[in-house]
There are 2 protein chains.
Amino acid sequence: MNATRKKEIVKIAASLIKEKGYNAVSMRDIAQAMNIKAASLYNHISGKQEILSSLIIEVAEKFTEEMNTIASENLSPLQKIERVIEIHIDITVNYSENIATLNNDWMHLEGSALKRVVKMREDYEENFRKIIKKGISEGEIKSKHPEVILFSILSTLRTLYLWNEKRGKMDVNVLKKDMVAVLLKGIV
Amino acid sequence: MNATRKKEIVKIAASLIKEKGYNAVSMRDIAQAMNIKAASLYNHISGKQEILSSLIIEVAEKFTEEMNTIASENLSPLQKIERVIEIHIDITVNYSENIATLNNDWMHLEGSALKRVVKMREDYEENFRKIIKKGISEGEIKSKHPEVILFSILSTLRTLYLWNEKRGKMDVNVLKKDMVAVLLKGIV
DNA sequence: AAGCAAAACTAACGATTGTTAGTTAAACTG
DNA sequence: CAGTTTAACTAACAATCGTTAGTTTTGCTT
């Protein structure tokens, strides 16, 4: 039970699943990408589900931790939203394969792992919603429909992984600045 | 070869694929949802691929048509973006299952259907990009990175189908107004 | 070098997949 | 109502799936 070998498997699997989706990637596909046979994978992992849940929970926990930190900080709502945008960009840059799987294949999780991830997602959204509502009630945010704002910002952040490759030469800090500007102040 | 029966199959399949993804839905699942046996499906369709391609191409063509109309109209860049937002909302309301599949399962298309959809997607994005660039060069849009704007607006519009159910009582025209406001003028 | 644990292998299993062949029932058409 | 097309059915196929059992090889420890 070499732990680093398990991480290798999960990492290889992540890149395959990102491209083709969980159900379209077989254990034999993953094994081949590691230059071993499918049965050998089971010396390191309990099954395909464990690959999926490791992959997803790793990054979901990251989001939860960061969001909890932001929620407890002493910042204005707008400053908090700015921080949320930044941590999304940071996590996306470092875990883009995991995020693809979290977004597209979370529903293939089973049992307690599924419940846990759904709960984390709901809590995350609820934290974000509270920040926006406070921003509206304090007058820092103008629009009246928090759901539209929540949805609009979160959609952009969640699909950032799709554009990260095209990002090319653009520096991460430039991207952060631009995204904060576009999402908060609009384009006109 | 009853054409309306084929449409029924595609429609039922769309709702199943939206929930579980293309590869997780079997022909037997689709047949069961129609209260027939899997083999009977083949009296109306040539195979699973035809279900997928019908489903996706139907809505992809809708987007292409509408975008081409907008591109050829005599409007300012900002007015055109406003129209793009509106047609996305309209199409999402009427084809939410198809859009889910277009977004999540286009890569499971094969052969010419795959090429065609990828081409339509690229053309659509290129049309949008031109509008944004023109808006920037004419001074109507302030930010300097068109890719960030393109990505940000398009991500929001493409994942709108996920939030459409939660939309609940919100009127479509109210949603259009709010989304235009948030995406163009920001939230501060 | 011997012993041992880790990690690879071969082979096979039961289940499920998309699809085809051949047949029966249903429903139009004349 | 006879004849014919349409659309359902049963049965089965080859392929692939995740996984297990048992075996051999690898590589570290003493």
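Every chain is numbered from 1, with letters handed out A, B, ... down the list of sequences.
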_Less than 3.5 Å apart, any donor N or O on the side chain of A:Ser40 or A:Asn43 sitting next to an acceptor on the other?_
no
Separation of D:dA8 atom P from B:Lys6 atom NZ, nearest Å, is 15 Å
Do A:Ser155 and B:Thr156 have side-chain atoms, one donor and one acceptor, less than 3.5 Å apart? no
Taken to the nearest whole Å, CG/A:Asp29 to P/D:dT19 is 14 Å
**Message:** Is it the case that the base of D:dA8 and the side chain of B:Asn43 share a donor-acceptor contact (distance under 3.5 Å, atom types as modelled)?
**Reply:** yes
In whole angstroms, the gap separating C1' of D:dG18 from CG of A:Leu16 amounts to 16 Å
Is the distance from OP1 or OP2 of C:dA7 to the nearest side-chain N or O of A:Ser40 less than 4.0 Å? no
Side-chain contact check for B:Ala38: nearest option of C:dC9, D:dT19, C:dT19 is C:dT19
Here the distance between atom C1' of C:dT17 and atom OH of B:Tyr22, to the nearest Å, is 11 Å
*asked:* Treating A:Glu140 as the side-chain partner and A:Leu78 as the backbone partner, does any N or O pair qualify as donor plus acceptor under 3.5 Å?
replied: yes
* When clusters are formed by joining ILVMFWY residues with side-chain heavy atoms under 4.5 Å apart, either directly or through shared neighbours, do B:Ile87 and B:Leu75 land in the same one? -> no
Query raised in the report: Within a reach of under 6.0 Å around CH2 of B:Trp163, are more than 12 heavy atoms found that belong to other residues, nucleotides or ligands?
Result: yes
Out of D:dT10, C:dC9, D:dG18, minimum distance to the side chain of B:Lys37 belongs to D:dT10
Winner on side-chain proximity to A:Met27, out of C:dG18, C:dA21, D:dG18, is D:dG18
Considering only heavy side-chain atoms of B:Lys48, the closest of D:dG18, C:dT10, C:dG18 is C:dG18
Result for 5'-nearest mapping on DNA chain C, choosing between A:Arg5 and A:Arg28, is A:Arg5
B:Tyr42 has its side chain closest, among D:dT20, C:dA8, C:dT19, to C:dT19
Separation of C:dA8 atom C1' from A:Ile9 atom CD1, nearest Å, is 12 Å
In whole angstroms, the gap separating C1' of C:dT16 from CD of B:Gln32 amounts to 14 Å
Separation of D:dG18 atom C1' from A:Leu52 atom CG, nearest Å, is 14 Å
Rounded to whole Å, the CE-P distance (A:Met34 to C:dA7) equals 11 Å
Problem set entry | Phosphate OP1/OP2 of D:dC17 contacted by A:Ser26 side-chain N/O (<4.0 Å) | yes
Give a yes/no answer on whether the side chain of A:His44 brings an N or O atom under 4.0 Å of OP1 or OP2 in C:dA6. no
